[in-house]
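Structure record follows, encoded as structure tokens.
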Amino acid sequence: MTTTDELCLLPATELAALIRTRQLSARELTDACLERIERLDPQVNAVVTLEAEGARAAADAADAALAAGEDVGPLHGLPVAHKDTHLTGGMRTTWGSPLADTVPADDELVVARLRAAGTVRVGKTNVPEFAAGSHTFNPLFGVTHNPYRHGLSAGGSSGGAAAALAAGFVPVADGSDFGGSLRNPAAFCNVVGLRPTPGRVPTRPAAMGWSQLSVQGPMGRTVADVALVLSAMAGPDRRVPISLDAPGAPFAAPLPERLDGLRVAWAPDLGGRVRVDPAITAVLSQSVAVFEELGATVEADCPDLSGADDVFGTLRAWVFDATFSDLARRHPDQLKESIRWNASLGAALTGADIARAEMAHTALYERVVAFFDRYDVLLVPTTQVLPFPVEQEYPTEIDGEPLEDYLAWMRSCTLITPTGCPALSVPGGFTPDGLPVGLQVVAAPRADRRVLEVGHAFEQATRFGERRPPL
């Protein structure tokens, strides 16, 4: 491996410190990332819009600011590629669809916050069409390949972001998560993805600002990197109705390496509610001993998630109807079938259906909060399947059992989404033939710091995240 390649794979926390102390320039790091993208991305297809000259100019400006003694942000000089669903002022934003291909005038809030923290924008990362589904392919840019094995899925919808991180194209990335879109690709690509508590990272603009299903959040190669990015993303914004008041900066504080006294619940099949590929269960079952060695007590237990499927399915369909039904009527041939299907389910809903889902949602939340009176964290598989061939739109069976629709293989994440809990996917090991497996760490609502602490201790004990792809 060359020195340039080693630089591109350093943790963001180390790179930020090197830049801040002027042992490394932002321009040197940006040039290294751009060279690696040019050389390796043709086989990955993670970065779909590249702004090389703009990135170099921004890196030069970052170096000049340091030289002038200016106060700088926590991510100063770090290259970032934004998810292609996030509005980037002056840079093409497509949502993976010709129906949304545009150049916005302004950054949306999460992009603006990362820019204010000092990031250097290099481009956009690939997504599924309108970010629907956990496999990254679309009619504009094609499919993103898993850096660990060409020809297999990188997950989605933040699949381009996860692949770019794993491949060393950028040290930090952003994403969003409705039914697993930060967690699934992190698991497939052996990186870290955090679905924060709704409102932790305010989303603006948002047509349905009260909805708590879709959230934005950070991705990185280490848990500390994710915590650093969260420190810049999080914090209140009174224009966002569900925004939490707590500031983001404390998330960057050092994370512990011991878990003495931690109460852990382990639910390898979410209380019998999901079918998981036995290869995944075999890898993750070894995690129990790791947590015990770190000082935690581990019991087999799971919150009562009854009704979570209906809550997620109903409210997702409601959102899809509001978002896509008009597009589906006007452009039926330019919208993939799974989106049209989900929107049609929403169009058939009644007010009574929504009311029942909201009441079940409330009851689910109350049961989950009570569960976390007894436990500090819940451990479950991030995904139910291993990375699958890119030609396959979505898995149709697990261990020989047929699945009912395109969402069914993501239930290990979609069951968690409506609980309101923060959930972190951290590298959980590898199958014997070298495919990554993710461990999902879930904590009580608003306990985002806890999932970071637990994920970091596990990461430091196992070092699974340090196994880089064979590019």
Side-chain angles (χ1 to χ4, degrees), residues 3-38 47 49-82 86-92 103-125 164-165 168-174 201-202 204 218-222 224-237 247-254:
T3 302
T4 298
D5 283 332
E6 289 174 341
L7 180 67
C8 290
L9 291 167
L10 286 177
T13 49
E14 292 184 29
L15 292 169
L18 289 171
I19 291 172
R20 187 177 294 272
T21 56
R22 300 178 68 184
Q23 299 174 67
L24 172 69
S25 72
R27 177 59 184 267
E28 288 171 330
L29 178 57
T30 298
D31 281 342
C33 288
L34 290 172
E35 186 277 332
R36 192 168 168 90
I37 291 170
E38 181 180 3
V47 181
T49 295
L50 190 65
E51 189 182 65
E53 290 313 306
R56 292 188 178 100
D60 288 341
D63 290 329
L66 272 177
E70 297 178 14
D71 289 334
V72 298
L75 306 178
H76 191 77
L78 295 183
V80 64
H82 299 290
H86 294 170
L87 303 179
T88 42
M91 177 182 276
R92 186 184 187 192
V103 178
D106 301 302
D107 292 336
E108 67 177 77
L109 182 58
V110 69
V111 173
R113 286 187 169 184
L114 291 177
R115 185 193 293 268
T119 57
V120 172
R121 185 178 77 180
V122 300
K124 306 296 286 285
T125 55
L165 287 165
F169 298 158
V170 288
V172 295
D174 56 29
V201 177
R204 189 175 187 273
M219 301 185 84
R221 285 191 290 268
T222 72
D225 289 356
V226 165
L228 180 66
V229 179
L230 183 64
S231 76
M233 285 183 171
D237 189 306
F251 287 108

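Residues: numbered from 1 along the sequence shown.
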Checklist entry - What distance separates Leu18 CG from Ser25 OG, expressed to the nearest 0.5 Å? => result 11.0 Å

Item to check | Leu109 side, atom CG; Leu87 side, atom CG - distance, nearest 0.5 Å | outcome: 11.0 Å

Checklist entry - Is there a side-chain contact between Pro202 and Arg113, using heavy atoms and a 4.5 Å cut-off? => result yes

Checklist entry - Which distance, rounded to the nearest 0.5 Å, do you find between the CZ of Phe169 and the CD of Glu38? => result 11.5 Å

Item to check | Side-chain heavy-atom pair Pro171, Arg221 within 4.5 angstrom cut-off | outcome: yes

Checklist entry - Minimum heavy-atom separation for Pro74 to Ala16, with atom names? => result O-CB, 3.9 Å

Checklist entry - What pair of heavy atoms forms the shortest contact from Leu15 to Leu10, and how long is it? => result CD1-O, 3.6 Å

Checklist outcome for this item: Tested for side-chain contact (heavy atoms from CB on, under 4.5 Å) against Leu29, the lone hit among Thr4, Leu7, Val170 is Leu7

Next on the checklist: What's the separation between atom CG in Leu75 and atom CE in Met233, rounded to the nearest 0.5 Å?
Outcome noted: 9.0 Å

Next on the checklist: Show every salt bridge (charged side-chain N to carboxylate O under 4.0 Å, His left out) that has at least one partner inside residues 54-67, sequence neighbours left out.
Outcome noted: Arg27-Asp60, Asp31-Arg56, Glu53-Arg56

Item to check | Derivation and outcome, salt bridge (Lys or Arg N to Asp or Glu O under 4.0 Å), residues Arg121 and Glu51 | outcome: CA-CA 8 Å; Arg121 185 178 77 180; Glu51 189 182 65; 3.3 Å; yes

Item to check | Shortest non-hydrogen contact between Val226 and Gly220, atoms and distance | outcome: CG2-N, 3.3 Å

Checklist entry - So, the side chain of His82 versus the backbone of Asp174: is there a donor-acceptor pair under 3.5 Å, distance only? => result no

Item to check | Leu165 vs Asp225 side-chain heavy atoms within contact, under 4.5 Å | outcome: no

Next on the checklist: Just so I know, are the side chains of Leu228 and Val172 near enough to count as touching, which here means a heavy-atom distance under 4.5 Å?
Outcome noted: no

Checklist entry - Taking the side chain as C-beta and beyond, is there a heavy-atom pair between Arg115 and Asp107 under 4.5 Å? => result yes

Next on the checklist: I need the Glu14 CD to Thr222 OG1 distance, nearest 0.5 Å.
Outcome noted: 8.5 Å

Checklist entry - Sub-3.5 Å donor-acceptor pair from the side chain of Arg20 to the main-chain atoms of Gly73, do we have one? => result yes

Checklist outcome for this item: Of all heavy-atom pairs linking Ala59 and Thr30, the shortest is CB-OG1, 3.5 Å

Checklist entry - Quick one: does Val47's side chain get under 4.5 Å of Val122's, heavy atoms only? => result no

Checklist entry - Considering all heavy atoms of both residues, which atom of Thr125 and which atom of Ala164 are nearest to each other, and what is their separation? => result CG2-CB, 4.4 Å

Checklist entry - Would you call Val120 and Val80 a side-chain contact if the rule is heavy atoms closer than 4.5 Å? => result no

Item to check | Intermediate values then yes/no, side chain to side chain contact (heavy atoms under 4.5 Å, CB included), Lys124 and Thr88 | outcome: CA-CA 9 Å; Lys124 306 296 286 285; Thr88 42; 2.9 Å; yes

Next on the checklist: Looking at every heavy atom in both Pro247 and Pro250, which two are closest together, and how far apart are they?
Outcome noted: O-CD, 3.6 Å

